[in-house]
Amino acid sequence: MFVIAAILRSLFIILSVSSLGASLSLNYYEKTCPDAELIVAKAVRNAIMKDKTVAAALLRMHFHDCFIRGCDASVLLNSQGSDKAEKDGPPNVSLRSFYVIDNAKEELEAVCPGVVSCADILACAARDAVGLSGGPTWEVPKGRKDGIVSRASETTQLPAPTFSISQLQQSFSQRGLSMNDLVALSGGHTLGFSHCSSFQSRIRNFNATHDIDPSMHPSFAESLKKVCPVKKQEKNAGATMDPSATTFDNTYFKLILQGKGLFSSDQALVSIPKTKDLVSKFASSQGAFSEAFVNSMIKMSSITGGQEVRKDCRVVN
């Protein structure tokens, strides 16, 4: 029953964001490449069967794509000589699993050459990643075009893990996303892993008064200190975003209410009443979170901006 209700609400959201992605439609490839989504889903499923952490990687990749120049697959482009692309910008060097998109694109080009955009593949892959991790699924509006510009310098526009609630609000509002969208989409952090560098400042020498960020639960901070020692810190040291990091659930919101959000930007969600109320709502209801996440994902992924359909997702035509 929930899935049906979510789909109906999703259709409403699709209509309401028509100004963001006017050319998008649910049946965009119905005649030109009817098996497009099945092919993408197969590539995602095969990858997740071998490595469950791929789901978080694909969801993060989609977020990082949409927040720079819209959802135009510019994050997939390779750097060309001294022209560094988005994927080589500081916030994106840890992005991975690009091969999943490559595999889907290769099969699609064999069946429907020059038809399915890399941006649509990424949007569908993010949806499939969530669904295959136990989260909700939804109908993805399609018809995005791929961008021809990708600049590492523009990745400074991405929301940082150190952002305050006002900085987060500004970042999201610049992209037509509301405070509700901010909280719901932050729930994507229920999947994944973070390196120590993204939260190190919270657990040591926080400021002149506190060694540990006072908004962080002391025992949680101590546990993080153990995985992120000052000396001999391993290159890949870090922590999962929540204990069920390969399952899409509402644990993330429950942890924030306990002062156990990994990033400053996570814990910032309970710093003002409006967003704290939403965190509490989603912490108490997996269904409410899933519904809000679906609606906000459709809204975010409908921010378009590309110009072509790439034959190879890593280079412009």
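Note: hydrogens, waters and symmetry copies are ignored here, and every other heavy atom, side chains too, is used.
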Applying side-chain contact (heavy atoms from CB on, under 4.5 Å), run through K52 and S133 and close with a yes or a no.
CA-CA 8 Å; K52 289 185 178 180; S133 300; over 6 Å; no
Close side-chain approach of [X] and [Y], heavy atoms under 4.5 Å:
{"X": "W138", "Y": "N295", "result": "no"}
{"X": "K276", "Y": "S271", "result": "no"}
{"X": "F163", "Y": "S264", "result": "no"}
{"X": "D266", "Y": "Y252", "result": "yes"}
{"X": "L182", "Y": "S186", "result": "yes"}
{"X": "T251", "Y": "P243", "result": "yes"}
{"X": "P159", "Y": "F63", "result": "no"}
{"X": "L278", "Y": "F253", "result": "no"}

With side chain to side chain donor-acceptor pair (under 3.5 Å) as the criterion, how do S166 and Q170 come out once you've worked through the C-alpha distance, each side chain's angles and the decisive distance to 0.1 Å?
CA-CA 6 Å; S166 60; Q170 181 181 22; over 6 Å; no
Please evaluate residues R96 and T53 with respect to the criterion side chain to side chain donor-acceptor pair (under 3.5 Å), reporting the C-alpha separation (whole Å), side-chain torsions for both, the decisive distance (0.1 Å), and the verdict.
CA-CA 10 Å; R96 59 186 183 84; T53 67; 2.6 Å; yes
Let's go through E154 and R69 carefully: what are the C-alpha distance in whole Å and the side-chain angles of both, what is the deciding distance for salt bridge (Lys or Arg N to Asp or Glu O under 4.0 Å) to 0.1 Å, and is it a yes or a no?
CA-CA 9 Å; E154 293 182 353; R69 295 179 173 269; 2.8 Å; yes
From the list R60, H64, E86, side-chain hydrogen bond (donor to acceptor under 3.5 Å, both in side chains) partner of N92 resolves to H64
Basic-acidic side-chain contact under 4.0 Å: K42, D35:
no
Considering only NZ, NE, NH1 and NH2 on the basic side and carboxylate oxygens on the acidic side, decide whether R144 and D72 come within less than 4.0 Å.
no
Using the rule that Ile, Leu, Val, Met, Phe, Trp and Tyr join whenever any side-chain heavy atoms are under 4.5 Å apart, tell me whether [X] and [Y] fall into a single cluster.
{"X": "L24", "Y": "V309", "answer": "no"}
{"X": "I303", "Y": "L77", "answer": "no"}
{"X": "M300", "Y": "L158", "answer": "yes"}
{"X": "F293", "Y": "L255", "answer": "no"}
{"X": "F193", "Y": "F199", "answer": "no"}

Side chain to side chain donor-acceptor pair (under 3.5 Å) filter on D102, not counting sequence neighbours, yields R314
Spacing of [X] atom [atom1] and [Y] atom [atom2] [to the nearest 0.5 Å]:
{"X": "E308", "Y": "N317", "atom1": "CD", "atom2": "CG", "answer": "4.0 Å"}
{"X": "Q307", "Y": "K145", "atom1": "CD", "atom2": "NZ", "answer": "10.5 Å"}
{"X": "Q267", "Y": "S164", "atom1": "CD", "atom2": "OG", "answer": "13.5 Å"}
{"X": "E37", "Y": "C124", "atom1": "CD", "atom2": "SG", "answer": "4.0 Å"}
{"X": "D277", "Y": "F282", "atom1": "CG", "atom2": "CZ", "answer": "11.0 Å"}
{"X": "I203", "Y": "L224", "atom1": "CD1", "atom2": "CG", "answer": "5.5 Å"}

Take K226 and E222 through the test salt bridge (Lys or Arg N to Asp or Glu O under 4.0 Å) and record every step on the way to the result.
CA-CA 7 Å; K226 292 177 181 178; E222 289 304 317; over 6 Å; no
So H217 and S219, side chain to side chain donor-acceptor pair (under 3.5 Å) or not? Walk me through it.
CA-CA 6 Å; H217 194 287; S219 66; 2.8 Å; yes
Test F67 against R175 for side-chain contact (heavy atoms from CB on, under 4.5 Å), laying out the working first.
CA-CA 7 Å; F67 266 69; R175 292 157 178 87; 3.0 Å; yes
Is S290 reaching over with its side chain to a backbone N or O of G287, donor-acceptor style, under 3.5 angstrom?
no
Would you confirm whether N205, through its side chain, and D211, through its main-chain N or O, come within 3.5 Å as a donor-acceptor pair?
no
Run the salt bridge (Lys or Arg N to Asp or Glu O under 4.0 Å) check on D181 and K299 step by step: do they pass?
CA-CA 8 Å; D181 298 320; K299 187 175 177 181; 2.9 Å; yes
Please indicate whether K225 has more than 12 foreign heavy atoms, meaning atoms of other residues, nucleotides or ligands, lying under 6.0 Å from its NZ.
yes
Those residues that, when tested against H62, pass ring-ring contact (aromatic ring centres under 6.0 Å, His included) (two or more places apart):
none
Check the pair S215 / R202 against side chain to side chain donor-acceptor pair (under 3.5 Å), numbers first and verdict last.
CA-CA 9 Å; S215 68; R202 300 188 70 206; 3.2 Å; yes
For V115, which fellow cluster members are found when Ile, Leu, Val, Met, Phe, Trp and Tyr are connected by side-chain heavy-atom distances below 4.5 angstrom, either directly or through intermediates?
Y28, Y29, I39, V40, V44, I48, V54, L58, M61, V75, L76, L95, F98, Y99, V100, I101, L108, V111, V116, I121, L122, L132
